[in-house]
Amino acid sequence: MDYSQASDELLISLIAQGKTEAISVLYDRYARLVFSLALAILRDRMLAEEVTQDTFLNAWRGAAGFHIEQGRVSTWLSAIARHRAIDELRRRHLPALNIDEPWWETRASNSPLKGGEDDLMLMQVSNALADLPKEQKQAIYLAYFGGLTQEEIAQKLGEPLGTVKTRIRLGLKKVRDAVLKE
Amino acid sequence: MAKPESKMTHEEIKELLPGYALGALHAEEAEILVRHLPTCDSCPRELAQYRQALDALPRLVPEATPQAQVKQRLMERLAPPEKRRLSWSRFALAWTPLSLLFLAGLLAVTFGLSNQLQATQDWPVVAVRLEATETAPQAVGFVLFLPRQEMAMLAVRDMPSLPSGREYQLWLTRDSEKESGGTFTVDSEGRGYLVVAMEDFLLYQGIGITMEPAGGSLVPTGDRYMFGSI
């Protein structure tokens with residue numbers, strides 16, 4: 001049975017039925033996305049690989065509970081991976097994210113997924129994020145990739161809490177506007 | 001400090017949405033939204049837009065590829081759900097020394113047992129990690145099933161603090177029914193635990209924790225805070 005052309009949603013329902021070939025295809029499709037995210041958070045290949053494995057195991061076990069209304073399958077996988085990676089970051093007391101990583105300057109060049117309308121929008125939103133004023137991007141990235149709360153970010157940067165909250169709010173509003181424009 | 005919810009304007013509540021989408025809010029602030037969202041027409045839509053915006057973040061990291069062995073190990077660990085057999089040794093090996101210490105401490109405190117506790121073949125332990133959700137983004141928890149002792153133990157930390165008159169309730173999914181495992185509260189650090197008498201944990205497929213009125217509900221009514229699969 002060749003599932004390589006199956007949609008993400010079809011793959012999930014096949015996985016819920018216990019079809020290992022379907023999880024294999026899902027892995028091939030999204031392992032790099034999941035691993036790259038885990039690596040950006042943990043900065044340790046071995047741990048990132050563990051998180052990758054756990055993410056797909058979770059997908060395997062939880063497929064029956066996934067509903068289309070929850071959004072994209074890729075978003076679901078990224079969310080599982082992010083939670084798991086941040087959890088690991090905290091439990092192992094790994095070094096916190098730097099306040100400025102070199103890759104924060106990059107804009108989305110190639111989407112890891114094949115081209116399509118969805119991915120064009122994703123790329124435009126990615127660029128809106130990458131183009132944010134430095135302080136806003138920093139606050140959002142520390143929250144997302146570092147798993148820090150607003151209070152923790154304020155402490156880390158030596159800034160007032162209100163300032164951090166405003167930066168996050170304004171930054172995300174700008175990106176949201178880019179989403180709405182589509 | 002956050003204003004009490006009753007004194008917040010809708011505009012002020014809306015300003016919490018971006019932080020909430022990021023999971024960066026303080027527990028009390030997150031709870032304000034958890035309570036507000038079901039009652040509002042515009043906020044859930046706005047929240048979905050912020051989440052869509054954040055969806056793009058994973059696309060911005062440097063692209064990296066995991067080794068081939070990761071997939072190999074994953075496929076080895078899969079077994080069709082119907083034919084799934086449990087191997088005690090696999091779960092016993094999954095414990096890190098720190099987890100064993102925590103388990104030992106918890107049981108010792110609860111039951112006055114010796115601290116010299118080890119997961120041996122005489123005392124099989126099946127552990128299920130609980131997953132955090134957006135309502136409890138920092139929460140960590142697990143459930144231990146001790147089949148020989150016909151009991152299960154839930155332990156959580158960093159759960160949002162409970163408003164007065166509310167408790168967390170543990171649910172066990174059996175086919176499509178949800179059975180209550182009981183209710184529990186958490187301390188100021190968001191820590192809580194619950195002990196459940198259980199004859200056969202293999203009857204259940206899933207675990208969930210919701211917030212309910214004190215004393216519990218007959219069926220889940222509140223938001224889901226944590227979940228896991230058996």
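Within every chain, numbering begins at 1; the chains are lettered A, B, ... in the order of the sequence lines, protein sequences first and strands thereafter.
- Among A:I86, A:L39, A:D87, the residue with the largest count of heavy-atom pairs under 4.5 Å with chain B is A:D87.
- For B:V70, the parts sitting under 4.5 Å from any heavy atom of chain A are the backbone and the side chain alike.
- In terms of heavy-atom pairs under 4.5 angstrom with chain A, the leader among B:K71, B:R51, B:R73, B:Q69 is B:K71.
- Of the listed residues (A:H83, A:Q53, A:E152, A:R90), the greatest number of heavy-atom pairs within a distance under 4.5 Å of chain B belongs to A:Q53.
- Heavy-atom distances place both the backbone and the side chain of A:F56 under 4.5 Å from chain B.
- A:L57 CG to B:L78 CG: the interatomic distance, rounded to the nearest 0.5 Å, is 6.0 Å.
- Counting heavy atoms from C-beta outward, B:L25 and A:T149 have side chains that stay 4.5 Å or more apart.
- Counting heavy-atom pairs under 4.5 Å between each of A:T166, A:N58, A:I153, A:L142 and chain B puts A:N58 at the top.
- For the pair B:L60 and A:Y141, the minimum side-chain heavy-atom distance is below 4.5 Å.
- Using a cut-off of 4.0 Å between Lys/Arg side-chain N and Asp/Glu carboxylate O, B:E46 and A:K173 are scored as not salt-bridged.
- In terms of heavy atoms, A:S36 sits closest to B:A64 at OG-N, 2.8 Å.
- When all heavy atoms of A:F35 and B:P66 are compared, the closest pair comes out as CD2-N, 3.5 Å.
- Atom CD of A:Q155 is surrounded by 12 or fewer heavy atoms from other residues, nucleotides or ligands within 6.0 Å.
- Taking 4.5 Å as the limit, every side-chain heavy atom of B:V61 sits out of range of all side-chain heavy atoms of A:I41.
- Both the backbone and the side chain of A:S24 have a heavy atom closer than 4.5 Å to some heavy atom of chain B.
- Residues A:I23 and B:M75 form a side-chain contact, since some pair of their non-hydrogen atoms from C-beta on lies under 4.5 Å apart.
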Item checked: side-chain contact (heavy atoms from CB on, under 4.5 Å) evaluation trace for B:L22 with A:I168 -> CA-CA 9 Å; B:L22 264 174; A:I168 286 178; 3.7 Å; yes
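- Here the side chains of B:Q205 and A:R61 are not in contact, with every heavy-atom distance at 4.5 Å or above.
- At least one donor-acceptor pair under 3.5 Å links the side chain of A:E49 to the backbone N or O of B:Q67.
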Note to self: Walk me through whether B:H26 and A:Q150 qualify under side-chain contact (heavy atoms from CB on, under 4.5 Å).
What the structure shows: CA-CA 7 Å; B:H26 196 64; A:Q150 292 176 140; over 6 Å; no
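- For chain A, the nearby part of B:R129 is the side chain; its heavy atoms alone come within less than 4.5 Å.
- The contact between A:A40 and chain B is made entirely by side chain atoms (from C-beta outward), counting heavy-atom distances below 4.5 Å.
- With a 4.5 angstrom heavy-atom cutoff, B:E15 touches chain A via backbone and side-chain atoms both.
- Put simply, the side chain of B:T65 never gets that close to the backbone of A:R32: no donor and acceptor are under 3.5 Å apart.
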Next item on the list: Check step by step if side-chain contact (heavy atoms from CB on, under 4.5 Å) holds for A:S74 and B:R59.
Entry: CA-CA 11 Å; A:S74 62; B:R59 301 285 193 270; 3.8 Å; yes
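- Atom CG of B:L54 is separated from atom CG of A:L129 by 7.0 Å, given to the nearest 0.5 angstrom.
- At a 4.5 Å heavy-atom cutoff, the contact between B:Q138 and chain A is made by side-chain atoms alone.
- Taking 4.5 Å as the limit, some side-chain heavy atom of A:D54 sits within range of a side-chain heavy atom of B:R77.
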Next item on the list: Could you walk me through whether B:L57 and A:F145 pass side-chain contact (heavy atoms from CB on, under 4.5 Å), step by step?
Entry: CA-CA 9 Å; B:L57 272 168; A:F145 296 108; 3.9 Å; yes
